[in-house]
Amino acid sequence: MKLNERSLAFYATCDSPADNSGFLYKRGERHTAYHRRWFVLRGNMLFYFEERESREPVGVIVLEGCNVELCDAAEGFAFAIRFGGSKSRTYVLAAESQAAMESWVKSLSRASFDYMRLVVRELEKQLQEMRRGLAGGSQGSREPPGPWKPKPSGLEQSRERLPALPAIVPKENGCAVWNNTPGTDQPPDSSGCAGHDEEGTPRPPPLPPRRRVSSGEAASARLPMAEGTSTFCRLHEQYSREVARLRQDWLQRQRGPRP
């Protein structure tokens with residue numbers, strides 16, 4: 001792999017948040033002495049600096065094709081980054097505490113793209129199983145969709161719940177029968193008074209028969225109307241003569257006195 005030093009230095013010191021950072025003790029390749037270095041993990045690259053304020057990294061470890069495991073070393077809380085192959089180098093690092101060691105081992109084990117591929121495959125598998133489960137449950141419990149029908153409004157629903165009323169109220173012996181409940185056929189109360197049905201529900205009283213008006217009452221009712229009409233005619237004639245006289249006087253005044 002060909003790496004550009006300037007690009008690596010910029011990536012190592014950029015302002016974007018790092019996946020993990022802190023001081024670790026790194027064992028030398030030729031000498032077994034440990035040196036305290038500042039480590040920064042970004043993606044699958046582990047940078048290490050001589051000091052925390054350094055602007056250029058001393059080295060970088062590409063975390064691909066490697067295993068992170070605990071190891072026995074002179075320093076406590078030690079772990080190793082081992083690469084496959086006989087000529088590959090093994091990096092031995094040591095943390096300052098148990099919690100720091102566990103944090104670094106966990107973050108370094110999850111930094112490679114191989115680990116990310118495994119996570120993506122597992123998530124895709126779980127997603128497919130969930131989709132198959134939902135499809136199977138919906139097919140087993142849901143009927144095939146039929147033609148779409150509009151949902152009835154509240155007014156239509158209330159109309160559907162109301163009992164149907166007869167077009168013409170039946171009558172018996174000149175009285176209306178108020179029993180209009182569908183499916184029931186009960187004779188009206190012969191006593192002519194309001195009562196209760198078999199279930200104890202109060203029933204409204206029957207309508208009284210219509211009163212027939214005699215010819216004398218009709219003539220007496222038309223008499224006041226005739227008197228009122230004649231009075232109006234007399235008043236109209238009287239005022240019309242007064243208006244005609246006033247108009248004649250006005251016309252004479254407009255013409256002026258005769259010579």
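All of these numbers come straight from a predicted model, not from anything done at the bench.
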Short side-chain to backbone donor-acceptor contact, [X] and [Y], under 3.5 Å:
| X | Y | value |
| --- | --- | --- |
| Asp19 | Gly43 | yes |
| Arg42 | Ser16 | yes |
| Ser109 | Val105 | yes |

Under a single-linkage definition using a 4.5 Å side-chain heavy-atom cutoff for Ile, Leu, Val, Met, Phe, Trp and Tyr, are [X] and [Y] assigned to the same hydrophobic cluster?
| X | Y | answer |
| --- | --- | --- |
| Val40 | Met101 | no |
| Leu118 | Met116 | no |
| Val60 | Phe49 | yes |
| Tyr91 | Val58 | yes |
| Trp38 | Leu108 | no |

(Q) Could you check whether any side-chain heavy atom of Phe83 comes within less than 4.5 Å of a side-chain heavy atom of Ile61, counting everything from C-beta outward? (A)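 The answer is yes, as the side chains (C-beta and beyond) meet within the 4.5 Å cut-off.
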
Q.
Is the shortest side-chain heavy-atom distance between Leu93 and Trp104 below 4.5 Å?
A.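 When only atoms from C-beta onward are counted, Trp104 and Leu93 do not touch, as no gap falls below 4.5 Å.
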
Q: State which residue, out of Val92, Thr90, Leu46, Asn67, fulfils the side-chain contact (heavy atoms from CB on, under 4.5 Å) condition with Ile81.
A: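 The option that passes is Leu46.
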
Q.
Show the nearest heavy-atom pair for residues Ser112 and Asn44, with the distance to one decimal.
A.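 Of all heavy-atom pairs spanning Ser112 and Asn44, the closest is CA-CB, 4.4 Å.
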
**Q.** Shortest non-hydrogen separation from Ala12 to Pro57 and the atoms involved
**A.**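 Looking at all heavy atoms of both residues, the shortest contact is CB-CG, 4.2 Å.
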
Q) NZ of Lys106 to CG of Asn20: how many Å apart, nearest 0.5 Å? A)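 CG of Asn20 is found 11.0 Å from NZ of Lys106.
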
Q) From Phe39 CZ over to Arg52 CZ, what is the distance, rounded to the nearest 0.5 angstrom? A)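 Output value for this atom pair is 14.5 Å.
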
Q) By the rule that ILVMFWY residues connect when side-chain heavy atoms come within less than 4.5 angstrom, directly or transitively, which residues belong alongside Leu246? A)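 Noted: Leu246 shares its cluster with no other residue.
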
(Q) Through direct or indirect side-chain contacts below 4.5 angstrom among Ile, Leu, Val, Met, Phe, Trp and Tyr, which residues connect to Trp250? (A)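 Cluster partners of Trp250: Leu251.
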
Check whether more than 12 heavy atoms from other residues, nucleotides or ligands sit under 6.0 Å from atom [atom1] of [X], and answer yes or no.
| X | atom1 | value |
| --- | --- | --- |
| Glu64 | CD | yes |
| Arg132 | CZ | yes |
| Arg89 | CZ | yes |
| Glu69 | CD | yes |
| Arg245 | CZ | yes |

Q | Residues Met45, Leu8; criterion side-chain contact (heavy atoms from CB on, under 4.5 Å); working and verdict | A | CA-CA 10 Å; Met45 293 186 178; Leu8 284 178; 3.7 Å; yes

Q) Does the side chain of Glu124 come under 3.5 Å of the side chain of Gln128 through a donor N or O and an acceptor N or O? A)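 The criterion, which ignores hydrogens and geometry beyond distance, is not satisfied for Gln128 and Glu124.
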
**Q.** Candidate pair Phe77 and Gln98, rule side-chain contact (heavy atoms from CB on, under 4.5 Å), full reasoning
**A.** CA-CA 6 Å; Phe77 313 113; Gln98 180 71 21; 3.4 Å; yes

Q) Step by step, would you call Glu242 with Gln238 a side-chain hydrogen bond (donor to acceptor under 3.5 Å, both in side chains)? A) CA-CA 6 Å; Glu242 183 70 19; Gln238 180 181 354; over 6 Å; no

Q) Are Glu237 and Arg241 within salt-bridge range, i.e. N to O under 4.0 Å? A)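 Salt bridge between Glu237 and Arg241, a charged N being under 4.0 Å from a carboxylate O: yes.
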
Side-chain polar contacts of residues 21-37 - donor-acceptor pairs under 3.5 angstrom, sequence neighbours left out - could you list them?
unit_1, atom_1, unit_2, atom_2, d
Arg36, NE, Glu96, OE2, 3.3
Arg36, NH2, Glu96, OE2, 3.3

